[in-house]
Amino acid sequence: MSDDDSDREYCLIDATGPPGAEGPPYAECVLCRKPTEYPESYKGITMCPVCEWQEAQRTACSG
């Protein structure tokens, strides 16, 4: 392994989340339709904190 290899970024997942909303209007949760913490203008799947937590529980490795 060369020195150049040690400088590579191996994590391919962007861990940054969408920007938080400063105030209304908020995007609706795609599962329960409750307001989320994200601005209405955010493009993509938006979930409220409860649905995000439940989805994380469903997809977590039970190891």
Side-chain angles (χ1 to χ4, degrees):
M1 190 184 261
S2 70
D3 288 334
D4 292 334
D5 291 337
S6 64
D7 293 335
R8 285 189 184 165
E9 208 39 61
Y10 287 98
C11 182
L12 301 177
I13 299 172
D14 184 10
T16 59
E22 297 285 325
Y26 299 107
E28 285 186 347
C29 177
V30 296
L31 300 176
C32 70
R33 309 300 249 172
K34 291 183 181 175
T36 66
E37 299 172 338
Y38 308 116
E40 194 173 61
S41 61
Y42 177 72
K43 302 294 184 211
I45 297 172
T46 55
M47 288 189 268
C48 70
V50 173
C51 290
E52 281 182 353
W53 182 82
Q54 290 174 342
E55 184 67 18
Q57 291 293 340
R58 280 192 290 272
T59 59
C61 178
S62 60

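Residues: numbered from 1 along the sequence shown. What you see below is based on every heavy atom in this structure, not just the backbone, and it leaves out hydrogens, waters and symmetry mates. What you see is a predicted model; the values in this text were computed from it and never measured.
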Peer 1: At what distance, to the nearest 0.5 angstrom, does CD of Glu40 lie from OH of Tyr26?
Peer 2: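 So the CD of Glu40 and the OH of Tyr26 are separated by 11.5 Å.
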
Peer 1: Should side-chain heavy atoms under 4.5 Å link Ile, Leu, Val, Met, Phe, Trp and Tyr, which residues sit in the same cluster as Met47?
Peer 2: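 Listed partners: Val30, Leu31, Ile45.
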
Peer 1: Please tabulate, for side-chain N and O atoms in residues 48-55, each donor-acceptor pair with protein atoms closer than 3.5 Å (sequence neighbours left out).
Peer 2:
| unit_1 | atom_1 | unit_2 | atom_2 | d |
| --- | --- | --- | --- | --- |
| Glu52 | OE2 | Tyr38 | OH | 2.7 |
| Glu55 | OE1 | Arg58 | NE | 3.3 |
| Glu55 | OE1 | Arg58 | NH2 | 2.8 |

Peer 1: Heavy atoms only: give me the nearest Thr36-Cys29 pair and the separation to one decimal.
Peer 2: CG2-N, 3.5 Å

